[in-house]
Visitor: 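Shown below is the structure under consideration.
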Amino acid sequence: MVVGTKEAFSKMLEERGVYKKLGVDRRTVSGWKSYLRSGKSLSLDKMEEMLIRYGATVISEKIWKLD
């Protein structure tokens, strides 16, 4: 189990050949890795889309409390 979308996305990208599972080009995955290494981030929507494509599931939804 991994906590956080960005952490889960990074972990997913470590898998060899993950581009096949995601249905994207190998260079796309390489670009995402470089982007994350440089300290930048992709949109949460894109990361979540790819995690769902990968087969990951959300264990608990975000909980907001407004005072």
Side-chain angles (χ1 to χ4, degrees):
M1 186 166 35
V2 180
V3 177
T5 302
K6 187 174 179 180
E7 291 77 10
F9 185 76
S10 295
K11 181 86 173 156
M12 174 189 72
L13 293 181
E14 291 174 13
E15 182 181 315
R16 185 175 171 89
V18 71
Y19 70 96
K20 295 175 191 172
K21 259 188 176 176
L22 298 177
V24 298
D25 192 83
R26 183 184 303 190
R27 290 173 297 196
T28 301
V29 172
S30 177
W32 289 338
K33 288 179 183 179
S34 296
Y35 209 67
L36 293 174
R37 273 194 303 269
S38 71
K40 298 176 183 173
S41 183
L42 281 76
S43 73
L44 278 177
D45 288 340
K46 179 53 87 176
M47 288 190 276
E48 288 175 0
E49 176 190 343
M50 292 299 116
L51 285 164
I52 290 167
R53 244 190 236 188
Y54 181 74
T57 56
V58 176
I59 301 298
S60 81
E61 293 292 325
K62 298 174 192 161
I63 299 171
W64 294 87
K65 179 182 178 199
L66 300 176
D67 293 322

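Heads up: numbering here begins at 1 and tracks the sequence.
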Visitor: Any side-chain heavy atom of Ser10 sitting closer than 4.5 Å to one from Glu7?
Guide: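 When only atoms from C-beta onward are counted, Glu7 and Ser10 do not touch, as no gap falls below 4.5 Å.
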
Visitor: Distance from Lys33 atom NZ to Glu14 atom CD, nearest 0.5 Å?
Guide: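 Rounded to the nearest 0.5 Å, the NZ-CD separation comes to 8.0 Å.
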
Visitor: Using 0.5 Å steps for rounding, measure from the CD atom of Glu15 to the NZ atom of Lys21.
Guide: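 So the CD of Glu15 and the NZ of Lys21 are separated by 4.5 Å.
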
Visitor: What distance separates Met50 CE from Tyr19 OH, expressed to the nearest 0.5 Å?
Guide: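 It comes to 15.5 Å.
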
Visitor: Of all heavy-atom pairs between Lys6 and Met47, which one has the smallest distance, and what is that distance?
Guide: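 Answer, listing the atom of Lys6 first, then Met47: CA-SD, 3.9 Å.
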
Visitor: Give me the atom names and distance for the closest heavy-atom approach of Gly23 to Arg53.
Guide: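 Where Gly23 meets Arg53 most closely, the heavy atoms are O-NH1, 4.2 Å.
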
Visitor: Where is the tightest heavy-atom contact between Ser41 and Leu36, given as atom of each residue plus distance?
Guide: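 Looking at all heavy atoms of both residues, the shortest contact is CA-CD2, 4.3 Å.
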
Visitor: In this structure, are over 12 heavy atoms from other groups packed under 6.0 Å from Lys11 atom NZ?
Guide: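 Counting other residues, nucleotides and ligands, NZ of Lys11 stays at 12 neighbours or fewer.
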
Visitor: Check each of Val58, Leu42, Thr5 against Glu48 using the side-chain contact (heavy atoms from CB on, under 4.5 Å) test, and report the only one that passes.
Guide: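 So the option named by the test is Thr5.
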
Visitor: Mind checking whether Leu44 and Tyr35 sit in one hydrophobic cluster, side chains of I, L, V, M, F, W, Y counted as touching below 4.5 Å?
Guide: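 Same cluster: Leu44 reaches Tyr35 through Ile, Leu, Val, Met, Phe, Trp or Tyr contacts under 4.5 Å.
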
Visitor: Look up atom CG in Leu13 and atom OH in Tyr54, then write down how far apart they are to the nearest 0.5 Å.
Guide: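 Rounded to the nearest 0.5 Å, the CG-OH separation comes out at 9.5 Å.
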
Visitor: How far does CG of Leu22 sit from CD1 of Ile52, to the nearest 0.5 angstrom?
Guide: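 Result: 12.0 Å between the selected atoms.
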
